[in-house]
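For reference, positions follow the sequence shown, starting with 1.
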Amino acid sequence: MADIFLICVIVVGFFLLTVVGLYFVVKYQHPDDKNDAYIPKLVVLLGFVLAGGTVFLLPLDVANNSNFAGCEGFNTAVCGGLNMVLFWDIIYWLIPAWVFILIPFCIFYYEADDGMLMAGTSVGAKPKSKLKEALCYESFVVVIFGLIFAMTYLFMNSTSIPVRDWTGPDFAAGPLYSIGEEFNSTFSADQLSNMQTGDVAILNANTVNSEMSTIELSINPATFYAGLMAWMGWFLFACFGGIGMAALPLDLILAFVNRPHHMDAVEFAEAQRSLRDRVNELVNVGELLKIEQEENAQKYDKMGWREKRKAMAEEKKTWIKFKQAVYLMEEDAEEFANCTANYRNYNPLIPIFSLLGGIVALIISLCWVLQIILYMLPTPPVTPFLNQYFRWFESWFNLLGVMSVAIFSFYLLICAVKGCFKFGLRFLFFQVHPMKLNKTYMSSFLFNIGLVLLCALPVVQFSASAFQDYARYTTVNQTFNVQLYYLKFFGWFWGSKVFEYALLVILLLTCIYLGCKPKDTSGGKDSISLRDRLRARVSG
């Protein structure tokens with residue numbers, strides 16, 4: 001029978017996730033999307049609930065204790081009674097459905113051209129509806145990843161689990177006990193007698209094989225796809241998670257250090273002139289980019305495939321650089337407004353909360369670093385560290401340890417998003433998608449929720465490995481640390497701890513880099529150099 005308290009926790013948890021997700025969508029959406037893009041908004045909202053539910057399912061699994069010895073078939077006080085296998089299987093199917101079907105379709109639909117040629121200004125537009133164009137692109141994505149999923153499962157779905165053989169005497173050689181039938185005709189563990197000398201003799205007669213053997217099993221599709229999604233997501237999480245664990249505490253603390261201060265007349269004039277010059281330069285850059293785009297649209301038809309691809313990559317890189325400069329200029333303009341026109345209305349508690357949040361984030365990041373170094377990487381572990389503290393917390397309050405697991409796990413997801421944004425802002429490999437109050441387009445929502453979902457299963461696997469002592473009776477521990485840990489091909493990455501080492505190295509390199517360059521560049525000189533390069537290309 002399921003624990004009523006755990007059922008209430010599930011209902012309240014999903015209700016809170018829905019409310020928080022709805023708040024973010026409403027408060028952060030751009031005014032242009034206020035009465036539009038309802039389907040993408042629903043996908044983002046449910047994706048947020050799915051990502052949060054995936055991470056919070058780990059502490060629920062811990063509280064449920066479904067794999068505690070005696071839980072199967074017995075109604076004991078330590079078992080929650082929830083079918084966690086079913087819960088996890090639902091999550092394992094929903095995440096790839098969101099990442100490879102719903103989110104790409106919404107991105108294609110949201111950004112598709114409706115095919116209306118408006119006075120010839122829509123360069124290269126085709127008379128296709130948004131829905132038709134989105135379905136066309138989405139079918140390509142489904143076919144590609146469907147083939148990848150099918151082929152990998154067909155050839156890599158076997159796991160070789162190591163076991164140790166024990167040999168004992170014949171069962172009939174042991175003592176016999178009789179159990180009387182109780183009034184309600186149900187079995188209770190209290191009816192069993194305590195272990196006696198005959199039982200001890202049988203145990204002592206057991207022999208153990210000194211060499212380990214293996215059992216090769218085929219795992220079900222849901223579990224395999226969880227491992228595949230975790231493996232793919234690890235490449236993102238190891239990079240962005242490591243960057244975010246260093247960048248998040250630093251940026252929060254810098255928000256307090258660089259909090260708005262009142263400007264005198266000289267400082268005001270200098271800052272205003274600097275911003276005005278940057279705005280003018282970026283306007284010039286935008287005009288040059290528009291001219292270059294129109295000229296390139298005519299040149300692409302005459303170029304070869306390789307030359308065209310190189311030119312398009314250069315044009316995309318230029319646009320990313322331009323958007324980065326615009327974003328940094330908007331950030332500086334907002335800081336300037338907080339120091340001048342909005343100074344009296346600025347909430348002084350914001351930098352204080354940023355400082356407190358930065359200190360808490362720094363403590364959690366340091367705890368994660370120590371947990372990796374002391375528990376996850378060495379064999380055997382030096383100390384259980386956080387596992388021991390979580391059990392100690394439970395001695396004060398039963399759910400305090402479970403809540404700690406939820407906080408530490410969800411923190412990793414926040415770090416992944418922060419790391420992606422910081423990486424995109426410092427290096428021009430892809431377009432940045434910041435989450436700004438009342439300024440966030442649905443494309444940025446979809447990008448960030450896709451990133452969070454891709455990192456959700458790696459976070460769960462990472463947390464299950466980091467808290468293996470504390471979460472040893474969980475279903476997810478049996479999945480990731482037993483079945484998937486010894487999976488063909490993928491098991492080498494888990495066993496060699498490749499991703500854990502990569503995460504730690506990237507985190508340490510980020511600390512060194514941010515220690516030398518803690519603040520994002522203002523973008524003033526970059527916009528001037530970008531303007532000069534564009535002028536040279538256009539005139540040439």
Side-chain angles (χ1 to χ4, degrees), residues 1-3 6-7 9-11 13-14 17 43 46-68 71-73 79-103 142 145-146 148-154 156-159 161 217-234 402 405-406 409 413 449-450 452-465 467-468 471-488 490-491 494:
M1 181 179 178
D3 192 331
L6 291 182
I7 295 177
V9 168
I10 295 173
V11 174
F14 276 94
L17 284 173
V43 171
L46 295 180
F48 179 86
V49 175
L50 177 60
T54 302
V55 174
F56 288 137
L57 209 59
L58 174 60
L60 179 68
D61 202 348
V62 173
N64 189 58
N65 272 337
S66 58
N67 286 314
F68 189 85
C71 278
E72 291 294 333
C79 305
L82 297 176
N83 187 354
M84 296 305 302
V85 175
L86 176 62
F87 276 86
W88 283 114
D89 283 347
I90 293 174
I91 293 294
Y92 297 155
W93 284 115
L94 286 180
I95 288 181
W98 244 256
V99 172
F100 297 115
I101 298 177
L102 295 178
I103 291 179
V142 170
F145 284 98
I148 293 175
F149 276 39
M151 297 304 291
T152 50
Y153 180 73
L154 185 63
M156 301 179 183
N157 70 335
S158 60
T159 179
I161 302 175
L217 302 172
S218 295
I219 60 178
N220 63 67
T223 303
F224 176 82
Y225 293 143
L228 179 59
M229 291 294 297
W231 181 78
M232 291 190 296
W234 256 112
V402 176
V405 172
S409 301
L413 273 186
I449 204 65
V452 169
L453 286 172
L454 278 172
C455 294
L457 286 178
V459 165
V460 169
Q461 183 182 22
F462 183 70
S463 300
S465 300
F467 309 139
Q468 192 168 0
R472 59 189 179 275
Y473 298 129
T474 60
T475 300
V476 73
N477 180 60
Q478 298 296 324
T479 300
F480 282 106
N481 294 325
V482 179
Q483 297 182 59
L484 295 177
Y485 190 83
Y486 300 102
L487 191 63
K488 184 186 295 185
F490 304 105
W494 320 137

What is the minimum heavy-atom distance between [X] and [Y], and which atoms define it?
X	Y	result
Val62	Ala471	CG2-CB, 3.8 Å
Ala226	Leu484	C-CD1, 4.4 Å
Thr54	Ala456	CG2-CB, 4.0 Å
Pro59	Ala406	CG-CB, 3.7 Å
Arg472	Gln478	O-NE2, 4.1 Å
Asn477	Ala464	OD1-O, 4.3 Å

Output the distance between atom [atom1] ([X]) and atom [atom2] ([Y]), rounded to the nearest 0.5 Å.
X	Y	atom1	atom2	result
Leu454	Trp98	CG	CH2	14.5 Å
Phe48	Leu17	CZ	CG	6.0 Å
Phe467	Ser409	CZ	OG	5.5 Å
Ile219	Met156	CD1	CE	12.0 Å
Leu60	Ile10	CG	CD1	5.0 Å
Phe480	Ser463	CZ	OG	10.5 Å

Before giving the answer on side chain to side chain contact (heavy atoms under 4.5 Å, CB included), spell out for Ile103 and Leu453 the whole-Å C-alpha distance, their side-chain angles and the decisive distance to 0.1 Å. CA-CA 10 Å; Ile103 291 179; Leu453 286 172; 3.9 Å; yes
Test side chain to side chain contact (heavy atoms under 4.5 Å, CB included) on Leu50 and Leu46 and set out the steps. CA-CA 6 Å; Leu50 177 60; Leu46 295 180; over 6 Å; no
Under 3.5 Å, which donor-acceptor pairs do the side chains of residues 79-94 form with other protein atoms, sequence neighbours left out?
| residue | atom | partner | partner atom | Å |
| --- | --- | --- | --- | --- |
| Asn83 | OD1 | Val85 | N | 3.4 |
| Asn83 | OD1 | Leu86 | N | 3.3 |
| Trp88 | NE1 | Asp61 | OD2 | 2.9 |

Apply side chain to side chain contact (heavy atoms under 4.5 Å, CB included) to residues Tyr485 and Gln461 and explain how you reach the verdict. CA-CA 10 Å; Tyr485 190 83; Gln461 183 182 22; 6.0 Å; no
Stepwise, does the side chain to side chain contact (heavy atoms under 4.5 Å, CB included) test hold for Phe149 with Phe224? CA-CA 9 Å; Phe149 276 39; Phe224 176 82; over 6 Å; no
Could you tell me whether a side-chain N or O of Thr159 sits under 3.5 Å from a main-chain N or O of Tyr486, the two making a donor and an acceptor? yes
Check the orientation of Tyr153 and Tyr225. Use parallel for under 30°, tilted for 30 to 60°, and perpendicular for over 60°. tilted
